[in-house]
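Before any comments, here is the structure.
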2 protein chains.
Amino acid sequence: MRHDEQVSTPKTTPRTRYHHGDLRNAMTDSAVELARAGGPDAVVLREVARRVGVSATAAYRHFSDAEALLFEVKGHALELLARSIGVAVAAVPPDGDPGDVAVARLRAAANAYIDFAVDNAGLFMTAFCLTKVPGQQFEGVPFTDAAAFQALGGLLDAIVATGRMPAERRPGAEIAAWSVVHGYALLLVGGPLERHLSEQEQARARERTLDLTIRGLIAAD
Amino acid sequence: MRHDEQVSTPKTTPRTRYHHGDLRNAMTDSAVELARAGGPDAVVLREVARRVGVSATAAYRHFSDAEALLFEVKGHALELLARSIGVAVAAVPPDGDPGDVAVARLRAAANAYIDFAVDNAGLFMTAFCLTKVPGQQFEGVPFTDAAAFQALGGLLDAIVATGRMPAERRPGAEIAAWSVVHGYALLLVGGPLERHLSEQEQARARERTLDLTIRGLIAAD
DNA sequence: GGTCATTGTTAACGGTGTCAACATGAGGCA
DNA sequence: TGCCTCATGTTGACACCGTTAACAATGACC
């Protein structure tokens, strides 16, 4: 419906063979690029088909719906997010006090989450933005998040194992941790924080938010 | 684009007078109802006009854009959210230890925020969901949030005043607090939590998340 | 009571998702 | 080898959407 900015190179590769050969993946990739650049609203079935060099209706041989295509994009975005976090966590040097390392890993994961949201705002929005009240059947975020959720749990378990966090405080901690980071990221990406705070203030706010959360997790009471 | 469910009564009030008299407000109200029921995607200019009993193009006498209408709805949704929180905070009995009262107020605000998101998922999504990477000019959440932000600051100041929270931890605390609650609400509304957790687990998770956050805010270190 | 800006209306355009009917061609079976 | 079949892509059409241009009604002000 919105037909403003036609961002860039339509990139119509006018293929030679009648059958594309790998249309589903090609469309998904193209859709991911659109989402990266413009968020979920930019994922337009006809535009995707155009870029891949195929008629719009060809999409229906591989996706039941325009929404199904968007769903695929969400999955990809989540996978990229998870990978990005994994890299950051793995980059934490495992030397020194195990408790420090475990906490540093959690912090690295949190920062990677927020960094991803800032650096790939379009993908992040696409992954998490719900634009309609979901019906009976879930059509929110694909279940990939479950894996990420377990990974986060692992980080927290590690902290408990080093004695830095009371075990009885462990249950539900993933949800609290995820909530903070997710909320901060969303308030930042195109949200109020991005507008009301300078870049420096944002950095400070992020640090303090993470400090506070980690204190809540590991502070003795 | 999506033209599936036509939810309910089009409610076309075929007015008698040529001029509506209060078209702008009527359209805004109707749009808010659509958003409440179906989220931002349900706010369709032509449908709004239909319900108010007016031609689609009449909207352009009062809104520059379909987006402007949506923007108005966002403002209303935020106002309702703020009002809802205000009521909850005011309902906290001011008896007993001032520190307890101040903390209870913060907790009430947090719970009201999440309750609003759950009970008015469509409005909440409409208020906060960004569907496109914003351009130079902000087009995210209207600035009403600034007022809510200050109110939250007031709650935190009160806690500091009672000595329950170290003053040096005060700066940036709004952001941390808001982040948790906002993130939890968004993970809940149509998000992963709603699907992976039973209702009882959700209640427990919420309690623990708030506990953790408040501990982070007020725990001595 | 006449003038005119405000607020409506109709007609039309391009864009979008989607369906039905048709075209192509790659792979298996004779 | 040749044919048949079915997955894959195409064209054409429809309904809906946002938006603009040109026109009509009305109410307020002199």
Side-chain angles (χ1 to χ4, degrees), chain A residues 1-7 10 12-28 30-31 34-35 38-73 126 131-132 135 139, chain B residues 1-7 10 12-28 30-31 34-35 38-73 126 131-132 135 139:
Chain A
M1 42 188 63
R2 191 55 19 74
H3 49 89
D4 336 330
E5 57 273 79
Q6 192 73 341
V7 188
T12 86
T13 326
R15 75 190 186 290
T16 156
R17 292 171 300 292
Y18 184 87
H19 287 85
H20 182 284
D22 193 23
L23 185 53
R24 178 175 175 106
N25 287 332
M27 295 197 88
T28 303
S30 188
L34 285 174
D41 268 8
V43 179
V44 172
L45 191 144
R46 286 181 109 113
E47 173 65 17
V48 170
R50 229 172 278 136
R51 299 202 168 203
V52 177
V54 98
S55 77
T57 53
Y60 289 85
R61 300 298 172 189
H62 303 274
F63 303 95
S64 67
D65 227 35
E67 199 156 355
L69 174 59
L70 225 197
F71 196 79
E72 198 81 3
V73 175
T126 306
T131 61
K132 41 191 273 189
E139 45 180 329
Chain B
M1 45 185 68
R2 188 63 10 78
H3 48 88
D4 337 331
E5 57 272 82
Q6 193 73 340
V7 188
T12 87
T13 327
R15 76 192 184 289
T16 156
R17 292 171 299 291
Y18 184 87
H19 287 85
H20 182 285
D22 193 22
L23 186 52
R24 177 176 177 108
N25 287 333
M27 295 197 88
T28 303
S30 187
L34 285 173
D41 268 9
V43 179
V44 173
L45 190 143
R46 286 181 110 114
E47 174 65 16
V48 170
R50 230 171 278 137
R51 299 202 167 203
V52 177
V54 99
S55 78
T57 54
Y60 290 85
R61 300 295 173 192
H62 304 273
F63 303 94
S64 67
D65 227 34
E67 200 156 356
L69 174 58
L70 225 197
F71 196 77
E72 199 81 2
V73 175
T126 306
T131 62
K132 41 189 273 190
E139 43 180 330

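It should be emphasised that the depicted structure is a prediction, and the values quoted were computed from it without experimental measurement. All chains are named by letter (A, B, ...) in the order of the sequence lines, taking the proteins before the strands, and each is independently numbered beginning at 1.
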L34(A) side chain reached by R51(A) side chain, heavy atoms, under 4.5 Å: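 Touching, per the 4.5 Å side-chain cut-off.
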Selection from [options] that lies nearest to any side-chain heavy atom of [X]:
X: D65(A); options: dT9(C), dT19(D), dT18(C); value: dT18(C)
X: V44(A); options: dG17(C), dT19(D), dA21(C); value: dG17(C)
X: Y60(A); options: dC17(D), dT19(D), dC19(C); value: dC19(C)

Specify the separation, in whole Å, of atom [atom1] of [X] and atom [atom2] of [N].
X: R50(A); N: dT11(D); atom1: CZ; atom2: P; answer: 14 Å
X: L23(A); N: dT10(D); atom1: CG; atom2: P; answer: 8 Å
X: N25(B); N: dT7(C); atom1: CG; atom2: P; answer: 13 Å
X: L45(B); N: dG8(C); atom1: CG; atom2: C1'; answer: 14 Å
X: D41(B); N: dC17(D); atom1: CG; atom2: P; answer: 12 Å
X: K132(B); N: dG18(D); atom1: NZ; atom2: P; answer: 13 Å
X: D22(A); N: dA7(D); atom1: CG; atom2: C1'; answer: 15 Å

Hits for side chain to side chain donor-acceptor pair (under 3.5 Å) against R61(B), two or more places apart or cross-chain, chain-then-number order -> none
Restricting to non-hydrogen atoms, name the atom on [X] and the atom on [Y] that form the minimum distance, rounded to 0.1 Å.
X: A56(A); Y: A49(A); answer: CA-CB, 3.6 Å
X: A31(A); Y: V43(A); answer: O-CG2, 3.8 Å
X: V73(B); Y: A35(B); answer: CG1-CB, 3.7 Å

Within the structure, does a side-chain N or O atom of H62(A) lie under 4.0 Å from either OP1 or OP2 of dA7(D)?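 No, because none of the side-chain N or O atoms of H62(A) sits under 4.0 Å from OP1 or OP2 of dA7(D).
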Phosphate contact (dC6(D) OP1 or OP2) by R61(A) side-chain N/O below 4.0 Å: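 Answer no for this pair, as no side-chain N or O of R61(A) is under 4.0 Å from OP1 or OP2.
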Got a second to check how far T126(A)'s OG1 is from K132(B)'s NZ, nearest 0.5 Å? 13.5 Å
With distance as the sole test, does T28(B) use its side chain to make a donor-acceptor pair with the main-chain N or O of R24(B) at under 3.5 Å? yes
Please list, for nucleotides 10-12 of chain C, all pairs of protein and nucleotide N/O atoms separated by less than 3.5 Å.
residue : atom : partner : partner atom : Å
dT10(C) : O4   : T57(B)  : OG1          : 2.8

Where each residue is assigned the nucleotide of DNA chain C containing its nearest heavy atom, which of G21(B) and S64(A) is assigned the position nearer the 5′ end? G21(B)
